[in-house]
2 protein chains.
Amino acid sequence: MAETKQHLTISEVEEQTGLSAHTLRYYERIGLMAPITKGLRGHRRYDKDDLGWITLIKRLRSTDMSIKEMQHFAELVRQGDATISERRKLLEKHQIELQQKLVDIEETLSLLDHKVTTYRNMEKDSKVKS
Amino acid sequence: MAETKQHLTISEVEEQTGLSAHTLRYYERIGLMAPITKGLRGHRRYDKDDLGWITLIKRLRSTDMSIKEMQHFAELVRQGDATISERRKLLEKHQIELQQKLVDIEETLSLLDHKVTTYRNMEKDSKVKS
DNA sequence: GTACAAGTTAGAGCGTACTCTAAGTCAAAT
DNA sequence: ATTTGACTTAGAGTACGCTCTAACTTGTAC
């Protein structure tokens with residue numbers, strides 16, 4: 001089995017996730033992540049769970065959940081199982097926003113398709129004329 | 001036929017498009033729109049073409065084309081037919097970005113579906129236990 | 001022992017896209 | 001005549017999400 005390393009340095013996480021070390025520290029500082037365990041020389045050591053969490057918040061951010069909402073979500077997770085239903089509602093809210101965004105993008109793609117086709121025809125016509 | 005008004009004031013456009021008067025003036029100021037014709041008292045009078053353009057740039061913005069790119073696009077439109085193929089390329093670039101975004105959103109929606117289901121089960125279980 | 005690499009912190013700075021303010025104009029209503 | 005309301009402008013201010021800087025620490029290599 002191609003076991004992945006047990007612990008990763010911040011630059012390894014940067015490489016794996018595409019989030020910069022700056023951003024990783026920033027997320028931790030503002031409470032988007034629980035404090036990462038430090039090794040002997042005071043360096044962060046990210047474990048499998050940390051990586052999983054980063055993957056999740058990266059997804060939420062890339063789909064435009066606000067930092068503020070993610071902080072709220074992270075706080076709920078920290079509070080444990082009592083907050084499950086609040087967490088569910090928060091994620092369901094994001095689901096709805098994404099479904100709307102999906103529609104907007106699809107409509108825009110269709111508009112772009114139409115425009116690009118029109119442009120192509122104009123390009124073709126201008127060649128014929130000249 | 002329910003003919004729509006020939007000319008609209010800025011607040012009517014605000015109402016119809018959802019863009020604030022502030023934003024409409026801002027867009028004009030930065031060159032996202034050609035200068036709107038002014039009526040006698042110096043007020044803007046938006047016509048059908050203006051509305052059409054606003055609809056287009058609203059769509060491009062809502063799907064996260066940057067202001068800078070939209071300024072470029074607007075400038076190309078102003079330059080006329082010689083820029084058709086550059087315009088097409090610009091829109092095709094946005095198409096590709098939107099297709100990627102679509103995938104990201106779909107994947108995230110599926111992740112959210114899974115998480116929400118898990119949460120629901122945990123909520124159900126905690127009811128059974130208590 | 002000193003240079004280097006890879007981290008650390010607190011805090012400042014920056015780009016983007018609005019969003020708002022202040023002061024003014026103008027026509028219609030009172 | 002003056003008040004009201006809907007606009008106008010130039011320019012300042014704000015929210016957000018990073019992104020960078022400066023000064024420092026630590027372990028390893030030479």
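Naming: A, B, ... by sequence-line order, numbering from 1 per chain. Just so you know, these numbers use all the heavy atoms, side chains as well, and skip hydrogens, waters and symmetry mates.
- Open room surrounds CD on B:Glu15; 12 or fewer heavy atoms of other groups in view lie less than 6.0 Å from it.
- With rounding to the nearest 0.5 angstrom, the CD atom of A:Glu86 is 11.0 Å from the CG atom of A:Leu91.
- Side-chain nitrogen and oxygen atoms of B:Thr9 include at least one within less than 4.0 Å of the OP1 or OP2 phosphate oxygen of D:dC7.
- Proximity note for B:Thr23 (side chain, C-beta onward) versus C:dT19, D:dT19, D:dG17: the nearest is C:dT19.
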**Report entry** side chain to side chain donor-acceptor pair (under 3.5 Å) evaluation trace for B:Arg59 with A:Thr108
**Finding:** CA-CA 7 Å; B:Arg59 271 233 109 85; A:Thr108 304; 2.8 Å; yes

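- Between the side chains of B:Glu75 and B:Gln71, no donor-acceptor pair is found at a separation under 3.5 Å.
- B:His7 has its NE2 atom 17 Å from the C1' atom of D:dC7, to the nearest Å.
- Distances shorter than 4.0 Å separate some side-chain N or O of B:Lys38 from OP1 or OP2 on D:dT9.
- Taking only side-chain nitrogens and oxygens, A:Ser11 comes nearer than 4.0 Å to OP1 or OP2 of C:dG7.
- Atom-to-atom, CZ of B:Arg45 to P of C:dA27 comes out at 14 Å; the value is rounded to the nearest Å.
- Across A:Lys89, A:His94, A:Gln95, A:Arg88, a single residue satisfies side-chain hydrogen bond (donor to acceptor under 3.5 Å, both in side chains) together with A:Glu92, and that is A:Arg88.
- Among all heavy-atom pairs drawn from A:Asp113 and A:Thr117, the shortest one is O-OG1, 2.8 Å.
- If you check every strand for non-hydrogen atoms under 4.0 Å, B:Ser20 touches nothing.
- Taking atom CD of B:Glu14 as the reference point, atom P of C:dC18 lies 14 Å away to the nearest angstrom.
- Nearest-nucleotide assignment on DNA chain C puts the 5′-proximal partner with A:Arg41, out of A:Arg29 and A:Arg41.
- Nucleic acid contact for A:Arg44: sugar-phosphate only, since backbone atoms but no base atoms lie under 4.0 Å from a heavy atom of the residue.
- Nucleic acid contact class of B:Leu40 (heavy atoms, under 4.0 Å, all strands): none.
- Between the CD1 atom of B:Ile30 and the P atom of D:dA10 there is a distance of 14 Å, rounded to whole Å.
- At the heavy-atom level, A:Arg25 lies under 4.0 Å from base atoms of the strands shown.
- Annotation: of the two residues near DNA chain D, A:Lys68 and B:Glu12, the 5′-most nearest-nucleotide partner is B:Glu12.
- The minimum heavy-atom distance linking A:Thr83 with A:Leu76 is given by the pair OG1-O, 2.7 Å.
- With D:dC7, D:dT19, C:dT21 as the choices, the nucleotide that has an atom nearest any side-chain atom of A:His22 turns out to be D:dT19.
- Only at 4.0 angstrom or more do the heavy atoms of residues 51-65 of chain A sit from any atom of DNA chain C, so none qualifies.
- Atom CD1 of A:Ile67 and atom P of D:dG17 are 5 Å apart (whole Å).
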Report task. Take A:Arg44 and A:Asp50, measure what salt bridge (Lys or Arg N to Asp or Glu O under 4.0 Å) needs, and give me the verdict at the end. Result -> CA-CA 11 Å; A:Arg44 288 173 179 76; A:Asp50 296 326; over 6 Å; no

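- In this structure, the CD atom of A:Glu69 is 12 Å from the P atom of D:dC16, given to the nearest Å.
- Atom CD1 in A:Ile36 sits about 14 Å away from atom P in C:dG7, given to the nearest Å.
- Going from atom CG of A:Leu24 over to atom P of D:dC20 covers 14 Å, rounded to whole Å.
- Checking C:dT19, D:dC18, D:dC7 against the side-chain heavy atoms of A:Tyr26 singles out D:dC18 as nearest.
- A sub-4.0 Å separation between OP1 or OP2 of D:dG17 and a side-chain N or O of A:Tyr27 is absent.
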